Amino acid sequence: VMREAVSKDQMRKFLEFVKADKHFSKYYDGIYILFHTGLRISEFVGLTVSDLDMEKKTIRVNHQLQRRSDGTKYIESTKTKSGTRTLPMEDDVYECFKRILDNRKPPKIEPVIDGYSGFLFFDKEERPMVAMHWEKYFQHIVAKHNKIYKQELPKITPHVCRHTYCTNKAKSGMNPKTLQYLMGHSEISVTMDTYTHLGLQDAWEELERLQLQFSQR
């Protein structure tokens, strides 16, 4: 299966649109993080204040926040042993998390789900947001963008963000084992799948990059 990733240009357009939109700009930092960490949406909504080490600039990923069909929420451990990981925060991601923490309005009573509390995002009822909330925002953002602009954006979801991150890191020449760790893939074959989708255009770019490096020596 071809994993759905968007181009760097589409990602930039999408993020710029979110940032400038009066209604959706409040989700900009979260969306930026999804595009730049490869977090699964259930891992992202499960993050709590204590999972973020702002001094060491790391994100601890060891659980996911899920929602049952009856609406109740529960905590699930990460998909696999390799899903449990500590991610480094790049500077721009650090800035996003910093703003999220600064703007976080804790509810009168902090919700506790299976012993976890200190969630980052809350809905109107002051309950922790789940994947479904973000999936809806993405849907609405793309629809709004495409109503205004002739050059339409493709379907973009939190899952597309994850694949886009993976593809961008593969294209930048990241070691597959490192990328496997960052993505929390249990099998290297899943990560390698992204590499096998790099095509002729990527080959040209890579050769040009190496040639440039060589000529600069």
Side-chain angles (χ1 to χ4, degrees), residues 11 14-79 83-87 89-145 155-162 164-165 184:
M11 173 173 85
F14 185 75
L15 283 167
E16 280 172 4
F17 182 75
V18 174
K19 196 175 194 172
D21 188 87
K22 274 212 289 285
H23 180 67
F24 292 115
S25 56
K26 58 176 173 286
Y27 306 119
Y28 174 80
D29 288 322
I31 292 172
Y32 189 94
I33 290 164
L34 287 168
F35 267 121
H36 292 85
T37 58
L39 282 163
R40 296 178 177 92
I41 186 64
S42 51
E43 295 170 339
F44 174 71
V45 291
L47 289 177
T48 65
V49 174
S50 63
D51 291 320
L52 305 174
D53 187 330
M54 299 305 278
E55 273 182 18
K56 290 189 181 140
K57 294 192 174 179
T58 58
I59 308 159
R60 179 179 59 200
V61 186
N62 62 7
H63 62 277
Q64 319 186 57
L65 177 60
Q66 302 282 14
R67 179 182 172 275
R68 293 186 187 90
S69 51
D70 66 359
T72 56
K73 295 167 191 176
Y74 66 100
I75 294 285
E76 194 175 69
S77 59
T78 40
K79 261 190 165 171
T84 303
R85 58 206 191 277
T86 302
L87 301 176
M89 279 184 209
E90 292 181 62
D91 291 344
D92 44 357
V93 168
Y94 169 85
E95 291 304 329
C96 289
F97 273 122
K98 195 175 169 326
R99 278 193 296 270
I100 287 167
L101 292 173
D102 290 346
N103 299 329
R104 182 181 181 271
K105 293 179 185 67
K108 292 175 215 45
I109 302 160
E110 281 275 1
V112 180
I113 299 173
D114 295 339
Y116 285 83
S117 68
F119 295 97
L120 303 181
F121 299 97
F122 302 96
D123 62 17
K124 291 184 194 75
E125 278 83 51
E126 297 201 328
R127 290 193 294 253
M129 281 187 192
V130 289
M132 194 184 66
H133 289 101
W134 289 90
E135 279 153 9
K136 283 225 168 80
Y137 303 145
F138 273 80
Q139 227 178 330
H140 295 320
I141 292 163
V142 172
K144 187 170 181 177
H145 174 280
K155 184 180 171 184
I156 300 176
T157 65
H159 202 58
V160 169
C161 293
R162 182 168 156 79
T164 301
Y165 173 79

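Because the structure is predicted, anything quoted here is derived from the model rather than measured.
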Inter-residue atom distance Lys57.NZ - Glu90.CD, 0.5 Å rounding: 10.5 Å
Phe35 side chain reached by Ile156 side chain, heavy atoms, under 4.5 Å: yes
Sequence-distant partners of Lys144, side-chain hydrogen bond (donor to acceptor under 3.5 Å, both in side chains), two or more places apart: Asp21
Chi angles and distances behind the side-chain contact (heavy atoms from CB on, under 4.5 Å) call for Phe138, Ile31: CA-CA 9 Å; Phe138 273 80; Ile31 292 172; 3.8 Å; yes
Whether Arg40 side chain and Gln64 backbone form a donor-acceptor pair below 3.5 Å: no
Closest approach of Thr78 to Gly83 (non-hydrogen atoms, all atoms of both residues): CG2-O, 3.4 Å
OH on Tyr94 to CE on Met54, rounded to 0.5 Å: 4.5 Å
Side chain Thr72, main chain Arg68, donor-acceptor under 3.5 Å: no
Where Thr37 and Ile33 come nearest, the two heavy atoms and their spacing: OG1-O, 2.7 Å
side-chain contact (heavy atoms from CB on, under 4.5 Å) between Phe14 and Val160, intermediate numbers included: CA-CA 12 Å; Phe14 185 75; Val160 169; over 6 Å; no
Atom pair CZ (Arg162) and CG (Leu39), whose distance is rounded to the nearest 0.5 Å: 8.0 Å
Val45, Leu47, Val130, Ile100 screened by side chain to side chain contact (heavy atoms under 4.5 Å, CB included) with Phe121, the one that passes: Ile100
Contacts of Lys19 that satisfy salt bridge (charged side-chain N to carboxylate O under 4.0 Å, His left out) - sequence neighbours left out: none
Residue pair Glu135, His159: steps toward the side-chain contact (heavy atoms from CB on, under 4.5 Å) verdict: CA-CA 9 Å; Glu135 279 153 9; His159 202 58; over 6 Å; no
Where Asp114 and Ile75 come nearest, the two heavy atoms and their spacing: OD2-N, 2.8 Å
For Tyr137, all residues meeting ring-ring contact (aromatic ring centres under 6.0 Å, His included), sequence neighbours excluded: Tyr27, Trp134
NZ/NE/NH1/NH2 to OD/OE distance under 4.0 Å, Asp29 and Lys98: no
Under 3.5 Å: donor-acceptor pair, side chain of Lys73, backbone of Ile113: no
Any donor-acceptor pair under 3.5 Å from Arg104 side chain to Phe119 backbone: yes
Test side-chain contact (heavy atoms from CB on, under 4.5 Å) applied to Arg67 and His133, step by step: CA-CA 11 Å; Arg67 179 182 172 275; His133 289 101; over 6 Å; no
Gap separating the CG atom of Asp51 from the CZ atom of Phe97, nearest 0.5 angstrom: 9.5 Å
Arg60 side-chain N/O to Asp53 backbone N/O, donor-acceptor pair under 3.5 Å: no
Phe24 and His140 aromatic ring geometry - parallel, tilted or perpendicular at 30°/60° bounds: parallel
Approximate separation, where rounding is to 0.5 Å, of Leu87 CG and Glu43 CD: 8.0 Å
Sub-4.5 Å side-chain heavy-atom contact between Leu52 and Ile59: yes
Separation of Glu16 CD from Met11 CE (nearest 0.5 Å): 10.5 Å
Heavy-atom check, side chain of His36 versus side chain of Leu15, under 4.5 Å: yes
Closest approach of Asp123 to Met129 (non-hydrogen atoms, all atoms of both residues): N-CG, 3.9 Å
Nearest heavy-atom neighbours spanning Ser117 and Val112: CB-CG2, 3.9 Å
Contact summary for Cys96 and Tyr32, nearest pair of heavy atoms: SG-CD2, 3.6 Å
